[in-house]
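One structure, as structure tokens, below. Some questions next.
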2 protein chains.
Amino acid sequence: MFIFVVAKNIYNGAMNYEPINYEALLRTHQLKATPQRIGILNAMHTHGHITIDTLYSDIKKEFSAISLATLYKNIHQMMDATLVTEVKIAQQKTLYEITKAAHAHLACDRCGSVYDIAIDATPLVAQQSPLSQHRIESAQITFTGVCQGCLTKGA
Amino acid sequence: MFIFVVAKNIYNGAMNYEPINYEALLRTHQLKATPQRIGILNAMHTHGHITIDTLYSDIKKEFSAISLATLYKNIHQMMDATLVTEVKIAQQKTLYEITKAAHAHLACDRCGSVYDIAIDATPLVAQQSPLSQHRIESAQITFTGVCQGCLTKGA
DNA sequence: CATTCTATGGATAATTTTTTTCCTTTAGAT
DNA sequence: ATCTAAAGGAAAAAAATTATCCATAGAATG
Ligand SMILES: [Mn+2]
Ligand SMILES: [Mn+2]
Ligand SMILES: [Zn+2]
Ligand SMILES: [Zn+2]
């Protein structure tokens, strides 16, 4: 398993710093590289995190006949293949993103935007695991606060 | 704002170690203490975390005529009053719990159960905040792993 | 305790979100 | 170029959530 960085995002896949080759990325995950799937990944990459509605209206520009069912079906297939990750945040609509290296999120209290936060949760997991009667393997972290944009703008 | 411990759960409200007085808890949060609301809180407390379906079938035993709309309306009112918290975990149905002192969750990979994990995220937030261009105020943490029950049982 | 007023509950319908079915089309292998 | 399993699209169904309307019941007032 390799890690490569493209446009501030860290995707799992072939080592590569070129513009993302969605076709190869799909095939690597045993999924047929259809134009619709490439469009879905492209929209996800452009937005970073995307709701089903935004994805739908976005992708309709290129595939006017595409169906919501196609989006849901593909998102689930890609999630099964760990190519796409579901991001659920309280009080927010479900978001989807291309699977990246482990990272946390910041959900802005003011504008609702969600940002990636680079963080290594390994120490947290390692520290917590022995304290618990469960086996802890990984952590999903969502920070709440005020994003940079709202900080500079607002009062 | 006080903290008190009842039956392994840490609720915000009046200082008290007695069985939870839901009536008082509701009034403290400026909500009328109706039997239905008391039933909702009781079911939440019994289950720790509860889905809307479980809540519905549970509470119907006492209020056979209760409507799902009543549940949703009340849950949202209680969330607005910070008396109830929504817990969203990837691949899982939305859960609700009575608001407790800050804590993390463990979602078991095997059985899907969700457990409370005592943890103080203050250091994590304090450490992360200066590293980011955003203002980070709090953290929601969900651990993934295998729960104690599945550990003792399974292979 | 009786009166009053407003918030609440329940019935119902409407929306929104997600999944399923069925048939046609297409990606990728041969 | 041909073949076939997988994928797309239309449509309907199912699941989840929210809104509307009115009778009723908390709880404040006196
Ligand atoms: Mn992300
Ligand atoms: Mn909890
Ligand atoms: Zn913001
Ligand atoms: Zn388990």
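These values consider heavy atoms only, across backbone and side chains, with no hydrogens, waters or symmetry-generated copies. Values in this document were obtained by computation on a predicted structure and should not be read as measured data. We name chains A, B, ... by the order of the sequence lines, and we start the count at 1 in each one.
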Q.
Quick check: on DNA chain D, is the nucleotide nearest B:Pro35 upstream (toward 5') of the one nearest B:His76, or the reverse? Name the residue that is more 5'.
A.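 Looking at DNA chain D, the more 5' nearest nucleotide goes with B:His76.
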Q: Grab the CZ-P distance between A:Phe63 and D:dA7 for me, whole Å please.
A: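 Atom-to-atom, A:Phe63 to D:dA7, this comes out as 15 Å.
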Q.
Grouping I, L, V, M, F, W and Y whenever their side-chain heavy atoms are under 4.5 Å apart, do A:Ile141 and A:Val114 come out in a common cluster?
A. no
Q) If you find the nucleotide of DNA chain C closest to A:Thr94 and the one closest to B:Ile66, which residue's nucleotide is nearer the 5' end? A)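 Result of the comparison: B:Ile66.
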Q: Round to the nearest Å and state the distance from B:Asp80 atom CG to D:dT18 atom P.
A: 11 Å
Q) In whole angstroms, how far is the P atom of D:dA28 from the CD atom of B:Gln30? A) 11 Å
Q) Any idea how B:His76 and B:Tyr72 line up, ring-wise: parallel (<30°), tilted (30 to 60°), or perpendicular (>60°)? A) parallel
Q. Is any N or O donor-acceptor pair between the side chain of A:Lys32 and the base of D:dG8 shorter than 3.5 Å?
A. no
Q) Any luck finding a side-chain donor-acceptor pair between B:Thr144 and A:Gln140 under 3.5 Å? A) yes
Q: Write down the distance between NZ (A:Lys73) and P (D:dA14), rounded to a whole number of angstrom.
A: 17 Å
Q. Counting only side-chain N and O atoms of B:Thr34, is one of them less than 4.0 Å from OP1 or OP2 of D:dA25?
A.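 For D:dA25, neither OP1 nor OP2 has a side-chain N or O of B:Thr34 closer than 4.0 Å.
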Q) With a non-hydrogen cut-off below 4.0 angstrom, is B:Gln77 in contact with a base, only sugar-phosphate, or nothing? A)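 Counting heavy atoms under 4.0 Å across all strands, the contact made by B:Gln77 is with sugar-phosphate only.
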Q: Find the distance B:Ile38:CD1 to D:dA25:P and express it as a whole number of Å.
A: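 Value for this atom pair: 16 Å.
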Q. Looking at B:Ile98 and B:Leu41, what are the two nearest heavy atoms and their distance?
A.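 It is CD1-O, 3.5 Å.
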Q: Check every strand shown and say whether A:Lys93 touches a base, only sugar-phosphate, or nothing at a heavy-atom separation below 4.0 Å.
A: sugar-phosphate
Q.
For a quick check under 3.5 Å, do B:Thr99 and B:Thr82 share a side-chain donor-acceptor pair by atom type?
A.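 No.
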**Q.** Phosphate OP1/OP2 of D:dG8 contacted by A:Asn74 side-chain N/O (<4.0 Å)
**A.** yes
(Q) Closest-nucleotide mapping onto DNA chain D: is B:Glu23 or B:Tyr72 further toward the 5' terminus? I mean the 5' end. (A) B:Tyr72
Q | Separation of D:dA5 C1' from A:Leu31 CG (nearest whole Å) | A |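 Atom-to-atom, A:Leu31 to D:dA5, this comes out as 14 Å.
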Q. Rounded to the nearest Å, what distance is computed from the CD1 atom of residue B:Ile75 to the P atom of nucleotide D:dT18?
A. 10 Å
Q: Take atom CD of A:Gln91 and atom P of D:dT18, then tell me their distance rounded to the nearest Å.
A: 11 Å
(Q) Can a side-chain donor-acceptor contact be found between B:Asn74 and B:Gln77 if the only test is distance below 3.5 angstrom? (A) yes
Q. Base, sugar-phosphate alone, or nothing: which one does A:Ala33 contact when heavy atoms must sit under 4.0 Å apart?
A.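 Contact class for A:Ala33: sugar-phosphate only.
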Q: Please state whether the phosphate of D:dA25, meaning OP1 or OP2, lies under 4.0 angstrom from any side-chain nitrogen or oxygen of B:Gln36.
A: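 False: B:Gln36 side-chain N/O out of range (4.0 Å or more) of D:dA25 OP1/OP2.
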(Q) Need two values: the first and the last nucleotide of DNA chain C, 5' to 3', having an atom under 4.0 Å from any heavy-atom of chain A. (A) C:dT17 to C:dG28
Q: Given salt bridge (Lys or Arg N to Asp or Glu O under 4.0 Å), test B:Lys60 with B:Glu62 step by step and report yes or no.
A: CA-CA 5 Å; B:Lys60 265 188 160 174; B:Glu62 193 182 355; over 6 Å; no
Q: Evaluate the ring planes of A:His105 and A:His49, with Trp represented by its six-membered ring, and classify them as parallel (under 30°), tilted (30 to 60°) or perpendicular (over 60°).
A: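 Rings of A:His105 and A:His49: perpendicular, as their planes differ by over 60°.
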